[in-house]
Each structure stands twice: as C-alpha cells, then as structure tokens.
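To start, the structure under review is shown below, and the notes come after it.
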There are 2 protein chains.
Amino acid sequence: MSIQGIFPIDKWSFKSESILTDLPAADFELLMAHKSEHVLKKGEILFREGAYPAGIYYIIEGKVKKYKTDKTGREQIIYVANTGELLGYHAILSQYHYPDSAATLEESTIAFIPKEDFLLTLQQSSILNNRLLKTLSHEFSVLANSITLFAQNSVRERLALQLIVLREKYKVNFEPGMAVEINMSRDDLASLAGTARENVVRVLGEFKEAGIVETKGRKIFITDINKLIELANTR
Amino acid sequence: MSIQGIFPIDKWSFKSESILTDLPAADFELLMAHKSEHVLKKGEILFREGAYPAGIYYIIEGKVKKYKTDKTGREQIIYVANTGELLGYHAILSQYHYPDSAATLEESTIAFIPKEDFLLTLQQSSILNNRLLKTLSHEFSVLANSITLFAQNSVRERLALQLIVLREKYKVNFEPGMAVEINMSRDDLASLAGTARENVVRVLGEFKEAGIVETKGRKIFITDINKLIELANTR
DNA sequence: AGCGAAAAGTGATTTATATCAATTTTTTTA
DNA sequence: TAAAAAAATTGATATAAATCACTTTTCGCT
C-alpha cells in the first residue's frame, strides 16, 4: 500500500523492488564477480550523456540524479535513483551511448560492474532477463507520466508531486505522522520540477504559508503530506 | 543517415527497424500462429489506459497515437507509432495494466497477437528477447528527450520538433526537395506539442509567414525542413 | 570562530502562453 | 448538393512563469 493508502507512488518511481533482490545466488555471484566498490562524494559524476558505457552501476547506498543538460547548460533531472537501484544499463542494452548523465546527490557507495559480466549474466540468467524487461516496461510508464506532468501541470503541481516522490526516497526510520526531511538544493529541486530556482523558492514559500512544509536552511520538512497530495492533483 | 545528414531523428522515434524485421521464420510463425487481422477506421481505440492486456498489436499498415488522458479529459500524446511497430507489450512485460491508451490516427490494418503466443515466443526466441531489451532501452532515451523537451522548450520549439518527427512518419514515395504532407488535426497536434489548439494555429501561422510550411485545410505541407530544424533548436 | 563563497531568498518587470468568445472554413452526411 | 456538424481560425484578455538585479543567509574551510 502506498502513501496514506491512496497515492500511487509507483506511478512515479522505477523501483518497486530492486532488480537484484533475491536473484539466485549463482547469478548474483556471476554478476558481481569483478565488481569494484567506490565511495563517491556528493556531486561526483558516474557517467556522462553521450559517452559509451564500460559497465553498469549499482547503488549500494546513496542517491543519484539522472539528468540531461541542454545546449545552454541547463540541467533537467529525469529521475532520482536511490539505494538498491541499478544504473547505466540502458546504454549497454541499446548498444548506444548513455542517454543521460548520472551524478551523486549525497555521498554514496557505488559498485561498478563491467559490461562483460553484465552481458554474460544476462545470457545465463532468465530471471535477470525477465526482471530487466519488467523494469524497463515499468520505466516506460513512469516516464510517460512525467511527460504528461510537464506538458500539462503547473509549476506548483509539479513541485508538489516531486516533493511527494522525494519524501518516499528520503524516508529513514519513518514513524507515521513524522515529518520527512528532504535535503536537496533549490537548484536541483528546480531542475526536477522543470522551473527556475526563484520559482521553487516562491512556491515553497506558499507551501510554508499553508502549513505543508517547514524549512531550515536548505532542508525541507514535509509536515502535511495529504495537503501536498491534494495540491499535486494528478488523478 | 538522418534528415539532411544532420538531425538525429532517432532521438525522437522508437523505430529504427521493426522489432519483427528479419526475425527467424520459426520465431515469427510461432508469434503469428493465432494472430487476427483487423481493419480499424480512423479514431478507433485499440486499448485504454488502465485496462489489463490480452495481447499485443502489430501495425501492418497505418498510424496509431499513444496517449494519456488526465482527470479533466485533456489528452497528451506520448508517441505516434507507424507501420511496422509493435504496441501494447509494456503492459504484458510489466505485468500491470496499460500505461497509456492507443487509437488510430487514420484507417489502419492491425494484427492482434494473443498474450500467450507473445510470451511463449519470448521464451523461445533469444533474438526477440534481445530486440525487446534493446527497443525498451531506446524508448527510455526517447522519452527522456521528450521530458526535457516539455520541461525546457517553448511551444514554438516543441511544435517545430514534432513537425520534423511527423514529417518522417508521413513520408511516402519521398523525393528530395519534395514537400511532405502531414494530415493531422490541430487538436492532435496540440496534444502532441503540449499546448492548446489555438496556439498551434498561431504558431503554424508564423511558420507559414516564414515560408516553412503551407496549409490546405487541415493538411500541412513542410516546405522548408532546414528552417524547421533551426527553430526546433534542440542540440 | 570568522572569512569567503555558494546558496537561498526577495521584489520588480517582462514575456509567453492559456483562456475566452466569437467567426469562418472545412468536412461529413442526409 | 445543401444543411448540419465539426474543425480551424482570429482577436482580446488574463495569468503563470521566466528573467533580472539584488540582498541575505548558510555553510564549508583554514
């Protein structure tokens, strides 16, 4: 069951369960045979749009933004990936370059898995194969929802929705009724909502006024998730 | 090579080659074993968002819009599929309902393939399997591009881009220098560009003024593709 | 702890686009 | 082929959001 039992959070998030959860031990070991682990500081880049892939990445712990940069340098965040998610497989599977860039949003522990091991495991493991088909198909629906969101909803609605989604990702040791702390720069929030930083600040101001969020420096505390769901207003 | 040798049309289109092109005969026959063919009139619905899938669809001939409808009834077209493309597999692979609706944009001949045959062929055919992984990964990059388009580009740029993409889809017996005829309602064009019908008419007016398009009733003739590419201005 | 840089926030203004209310043209069908 | 219906177009107006210029606050660092 999703937030308050009513909001369909999986419409907006790739991850229902990790692709690798409960993968048969043999498959898992094959995949991880030559992995390397790295601790990346906040803001470090895993891969860049347009580059050719050498492997895939597994988020052992942390958060990573997937984004595109336009000709003027403006960033558009496509998705925020969390602990347990796999990154960079689209480029390998499409036999093309990375469609987007990826950078850490906080200090993160990342495993790098060489392309060869990924492709070999994919050949061996029909479970991994099927999970990928399922995940990619689900991703389609998430991105289709995002397109509709950007094409048809106001900045206020978009920001409200992204805060709802982020809240799930920033939950730790959550108790019902507890405020969730979202620690993300206004710039990233703007890029996620497809607007300018100033507008994020202003809308966030409205939300404070309405008793929906509190802020302390850059940190945002979601105090009234239900009002936020009302505002997001996306079916 | 893409338009004028420079515009990366595959950034905006799922189809490079059909998933089914040159599929080994045995696999193809297994897949098509119980297919049924149907001629659908313009505007007929293949499937509806939220419904559970009974099979997949193959466009033998024609054009189909994939779209989502919001709570107010407003349509957002996600993608225009053309002859040779497969539809409806996301729902089956994600083991969930259809993420979008599909309706014909013109009279079309559609083959319906039962779910069981699709899944069986998928099990048997590693080629089909790999093609689907590749196609889905490519779709990811196309949708990510769309998100950026809607989040960061003006109505003029979005419409210019969609016209470029549509031009490829509406090409028949094309000779260099020839104007391509796009036959689509202003409402659908608006839904594709994420704006209101009136704005499409106005921007189209500008394009006519600039000698980029001509119109005759609802039909649009693209006469200067290069200017359109300049206007679309998307890297 | 205090300095400097980076990030957040504010206010004023401009601009793009949505919306409303008609009219005209095109297409359909009786 | 005329009438009716649907679609396209036009103009006026309202509104949301982008942009600019600037101030204040926060945070990382030596």
Side-chain angles (χ1 to χ4, degrees), chain A residues 41-44 65 70 72-76 105-107 148-163 181-209 213-221 231-233, chain B residues 41-44 70 72-76 105-107 148-163 181-209 213-221 231 233:
Chain A
K41 283 180 296 205
K42 182 167 142 182
E44 288 199 77
K65 62 176 173 183
D70 74 7
T72 69
R74 217 174 117 186
E75 250 180 42
Q76 174 64 41
L105 283 167
E106 57 190 37
E107 185 177 290
T148 307
L149 182 74
F150 284 111
Q152 307 197 324
N153 292 77
S154 67
V155 166
R156 184 172 304 101
E157 290 167 329
R158 300 200 301 260
L159 184 59
L161 182 89
Q162 297 291 10
L163 287 175
E181 175 186 324
I182 293 172
N183 190 347
M184 187 182 253
S185 75
R186 299 295 179 267
D187 269 315
D188 279 339
L189 230 32
S191 156
L192 199 51
T195 186
R197 189 184 60 248
E198 295 94 317
N199 297 320
V200 169
V201 172
R202 272 185 273 267
V203 174
L204 235 30
E206 286 180 34
F207 289 176
K208 270 197 271 191
E209 207 55 38
V213 307
E214 283 164 26
T215 63
K216 199 175 168 186
R218 60 143 41 187
K219 286 169 192 150
I220 297 166
F221 300 87
L231 275 178
N233 187 39
Chain B
K41 282 179 296 202
K42 181 167 143 182
E44 288 199 75
D70 75 7
T72 69
R74 206 153 87 113
E75 250 180 43
Q76 175 64 40
L105 284 167
E106 56 190 38
E107 184 176 290
T148 307
L149 182 74
F150 284 110
Q152 307 197 325
N153 292 76
S154 67
V155 166
R156 185 172 303 101
E157 291 167 328
R158 301 200 302 259
L159 184 58
L161 182 90
Q162 298 291 10
L163 286 175
E181 175 186 324
I182 293 171
N183 190 346
M184 186 181 254
S185 75
R186 298 296 180 267
D187 269 315
D188 279 338
L189 230 32
S191 157
L192 199 51
T195 186
R197 189 181 60 247
E198 296 93 319
N199 297 321
V200 169
V201 171
R202 272 186 272 267
V203 175
L204 235 29
E206 286 180 34
F207 290 175
K208 269 196 271 190
E209 207 55 40
V213 307
E214 284 165 26
T215 63
K216 199 175 169 186
R218 62 147 33 191
K219 286 170 192 150
I220 297 166
F221 299 88
L231 276 179
N233 188 38

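Letters A, B, ... are given to chains in the order of the sequence lines, protein chains preceding strands, and every chain is numbered from 1. Keep in mind that the numbers below use all heavy atoms, side chains included, and drop hydrogens, waters and symmetry copies. All values reported here derive from a predicted model rather than from experimental measurement.
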Inset, instruction - Under 4.0 Å between any heavy atoms, over every strand shown, what does A:R218 touch: base, sugar-phosphate, or nothing? Just pick one. - result: sugar-phosphate
Legend entry - Pairwise distance CG(A:L105) to NZ(A:K65) - rounded to 0.5 angstrom: 6.0 Å
Inset, instruction - Please determine, for the side chain of B:S185, which listed nucleotide (D:dA8, D:dA17, C:dG11) has the closest atom? - result: D:dA8
Inset, instruction - Report the C-alpha separation of A:R156 and A:E206 in whole Å, then their side-chain angles, then the decisive distance to 0.1 Å, and conclude whether the salt bridge (Lys or Arg N to Asp or Glu O under 4.0 Å) test is met. - result: CA-CA 9 Å; A:R156 184 172 304 101; A:E206 286 180 34; 2.7 Å; yes
Inset, instruction - In whole angstrom, give the distance that lies between atom CG of B:N153 and atom P of D:dA17. - result: 17 Å
Inset, instruction - Choose from D:dA17, D:dT19, D:dT9 the nucleotide whose nearest atom is closest to any side-chain atom of A:A196. - result: D:dT19
Legend entry - OP1 or OP2 of D:dA17 under 4.0 Å from side-chain N/O of A:N199: no
Legend entry - Side chain B:R158 and base C:dT17 donor-acceptor under 3.5 Å: no
Inset, instruction - Considering just the side-chain nitrogens and oxygens of A:T195, establish if one lies under 4.0 Å of OP1 or OP2 belonging to D:dA18. - result: yes
Inset, instruction - Return no unless some side-chain N or O of A:R186 is found under 4.0 Å from OP1 or OP2 of C:dG9. - result: yes
Inset, instruction - Measure the spacing between CG of A:L163 and CE of A:M184 and express it to the nearest 0.5 Å. - result: 9.5 Å
Legend entry - Exercise: do A:D187 and A:S185 side chains pair donor with acceptor under 3.5 Å: no
Legend entry - hbond_proxy B:R202 side chain to C:dT19 base (donor-acceptor, 3.5 Å cutoff): yes
Inset, instruction - Report the residue (B:R74 or B:K42) whose heavy-atom-nearest nucleotide on DNA chain C is the more 5′ of the two. - result: B:R74
Legend entry - Euclidean distance, atom CD of residue B:E157 to atom P of C:dT15 [Å, nearest integer]: 16 Å
Inset, instruction - Find which nucleotide of DNA chain C each of A:V201 and B:V155 is nearest to by heavy atoms, and output the residue with the more 5' nucleotide. - result: A:V201
